[in-house]
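Accompanying notes for the structure given below.
This is a predicted model, so every value here is computed, not measured. We name chains A, B, ... by the order of the sequence lines, and we start the count at 1 in each one.
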Number of protein chains: 2
Amino acid sequence: MRPSDLPEIRHLPLFRDMLQSNFEQLLQGAYAQNFPAGVELIRQGDPADFLHIVIEGAVELFAEWGEGACTMAIVQPIGTFILAACIKDAPYLMSARTLEKSRIIMVPAPDLRAVFRRDPEFAVSTITELAGCYRAVVRHAKGLKLRNSRERVAAYMVKHLRRAAPHMAFGLPVEKRVIASYLGMTPENLSRTLRQLEADGLRVSGTHVTVTDYDRLAAVARPDPLLDGPDP
Amino acid sequence: MRPSDLPEIRHLPLFRDMLQSNFEQLLQGAYAQNFPAGVELIRQGDPADFLHIVIEGAVELFAEWGEGACTMAIVQPIGTFILAACIKDAPYLMSARTLEKSRIIMVPAPDLRAVFRRDPEFAVSTITELAGCYRAVVRHAKGLKLRNSRERVAAYMVKHLRRAAPHMAFGLPVEKRVIASYLGMTPENLSRTLRQLEADGLRVSGTHVTVTDYDRLAAVARPDPLLDGPDP
DNA sequence: CGTCGACTTGAACACTTTCAAACAAAGTGG
DNA sequence: CCACTTTGTTTGAAAGTGTTCAAGTCGACG
């Protein structure tokens, strides 16, 4: 564990309000590791041993069933994943793999459970964090059920464009096939949909996205804070 | 509030471990109400005021976007809903309506937030409850993305059949159109799919479901604890 | 420069929705 | 208790959406 990692972690909403002594103890049992791209960090069904924190790089959370697989979320710095499985001491519902060279910190789940039982501030932070995760998945599920694929793609682009504001362009954070799977469609279908959306003010060339007509694109996506998350 | 309601609520996992004095205080600010079927209890986007507890009846959680709507979950006794919105003091992501004549208890959200800050046991219960909700939505989203509609219907039936074990029959808990929407399909499509599944050991007549060949049906559904929940 | 993987494109196919109509069941009012 | 309305369910045909398979293109990297 690098000393420089600690302040960043300490500032995460999850760890921000806990007692310093508890924070130190929690991170004492933790260890950091660097992984190349494409490494499977956890496998769905395995018992939950560690809370993972992404310091650098990017991690894909994905689910498998039979021969099929789909990406459920992308975690980028600084973010945590599989908090819920650690808390319930239950099997992971999702697998995780690095999409790029990544630096990950792993906090043992038993330490986690021990600390939030004696640090009320940490308990409250955990509650807030979990509630946020829950709401994120609900939004994702709502998007899948209420929007068709064209609308989902448009909404994805609008969301990332807002993050890049005031620019009217941004770079795709991950490969298109991962985005396609996240949006619940095949790569072929995403490719065609992107081409189709050129008529609605979207230009995608390789990894580079430019929006030439925000209003037209937003008219397709009909962004909604209850689906896409709060404005920021 | 009926005196007879209290013991049932007290035995819920969410309230089981808290101090009696805190429980009493929490429920003191609460009130119970009886609703006929079809009443909209909460509307998505409204600020979260109350944690709701279903004592009798059934409540549908649903989401709307534009002209479309879909049901996200069914809550039956004894169950709670919209805990996450109360905790985050954020707008509801889902609307709720009674499907039958229902008895609902409403606990003010500020009381909730106040109590788990001073009762560590309640905080832990809240964390566990939320983690459970989170995992339930993840499973639902996984099902939507990984299974096709025929598989989702088969899995739904297998899941409810297991609950009815050792019987090989059960009654549908809600209308078929609600089930269809929950499974992410149209009523017409559900109707056709049920008919198609007769070739795989399923018999549905009105609200009554009989499974004539469990193995065949399970071969279609391929039940998996990571999608359908733990065995019970 | 060649190879590999990701991306794109096209055509055929499978699945799902939509619209329209018929049917069934449950509740209403005479 | 029976017609009658209302609402949910089923069915069919047509249209729309998304997937699969196969082939070809592009770009990054060794």
Side-chain angles (χ1 to χ4, degrees), chain A residues 36-38 58 60 65-71 97-101 143-154 156 171-200 202-209 220, chain B residues 36-39 58 60 62 65-71 74 97-101 143-154 156 171-199 202-209 220:
Chain A
E60 175 191 11
W65 183 70
E67 315 74 42
C70 68
T71 118
R97 76 164 70 93
T98 55
L99 289 171
E100 320 164 3
K101 189 169 167 306
L144 288 172
K145 289 179 110 170
L146 291 170
R147 294 209 257 232
N148 63 26
S149 62
R150 180 160 159 265
E151 291 161 344
R152 291 201 296 276
V153 173
Y156 181 91
L172 293 176
V174 294
E175 289 173 352
K176 282 183 189 153
R177 62 188 186 83
V178 177
I179 295 174
S181 181
Y182 175 69
L183 296 176
M185 55 204 294
T186 58
E188 294 95 325
N189 196 10
L190 174 61
S191 183
R192 281 185 254 269
T193 303
L194 289 176
R195 167 161 283 267
Q196 189 190 345
L197 284 173
E198 286 180 7
D200 298 284
L202 183 74
R203 269 305 283 278
V204 180
S205 157
T207 174
H208 191 76
V209 180
V220 176
Chain B
V39 172
E60 175 191 12
F62 64 102
W65 183 70
E67 315 74 41
C70 67
T71 117
I74 310 291
R97 75 163 74 92
T98 55
L99 289 172
E100 321 164 1
K101 189 167 167 308
L144 289 172
K145 290 178 109 168
L146 291 171
R147 292 210 258 232
N148 64 26
S149 62
R150 180 159 158 267
E151 292 160 345
R152 291 200 296 276
V153 172
Y156 180 91
L172 294 176
V174 295
E175 290 173 351
K176 283 183 189 154
R177 62 187 186 83
V178 176
I179 295 174
S181 181
Y182 175 68
L183 296 175
M185 55 205 292
T186 58
E188 293 95 327
N189 196 11
L190 174 61
S191 183
R192 281 185 254 268
T193 304
L194 289 176
R195 166 163 281 268
Q196 189 190 344
L197 284 174
E198 285 180 7
L202 184 74
R203 268 305 284 277
V204 180
S205 156
T207 173
H208 191 76
V209 180
V220 177

Quick one: [X] [atom1] to [N] [atom2], roughly how many Å, whole number?
| X | N | atom1 | atom2 | result |
| --- | --- | --- | --- | --- |
| A/Leu190 | D/dG18 | CG | P | 12 Å |
| A/Lys101 | D/dC29 | NZ | P | 15 Å |
| A/Gln196 | C/dT8 | CD | P | 14 Å |
| B/Met185 | C/dT18 | CE | P | 13 Å |
| B/Glu100 | C/dA26 | CD | P | 15 Å |
| A/Lys176 | C/dT8 | NZ | C1' | 9 Å |
| B/His208 | D/dT9 | NE2 | C1' | 18 Å |

Comparing A/Glu188 and B/Glu188 on DNA chain D - which has the more 5′ nearest nucleotide | B/Glu188
Approximate separation, where rounding is to 0.5 Å, of A/Arg195 CZ and A/Arg203 CZ | 9.5 Å
Interatomic distance, A/Leu183 atom CG to A/Tyr156 atom OH [nearest 0.5 angstrom] | 7.0 Å
Ranking D/dT9, C/dT16, C/dC7 by distance to the side chain of B/Asn148, first place goes to C/dT16
Picking from C/dC7, C/dA20, D/dA22, which would you name as closest to the side chain of A/Glu175?
-> C/dC7
Taking only the side-chain nitrogens and oxygens of [X], find out if one of them lies under 4.0 Å from OP1 or OP2 of [N].
| X | N | answer |
| --- | --- | --- |
| B/Ser149 | C/dT16 | yes |
| A/Asn189 | D/dT19 | yes |
| A/Thr186 | D/dT19 | yes |
| A/Arg192 | C/dT8 | no |

Hey, is the main chain of A/Tyr182 close enough, under 3.5 Å, to the side chain of B/Lys145 for a donor-acceptor pair?
-> yes
Taking the side chain as every heavy atom from C-beta outward, state whether B/Val153 and B/Met185 have any pair of such atoms under 4.5 Å apart.
-> yes
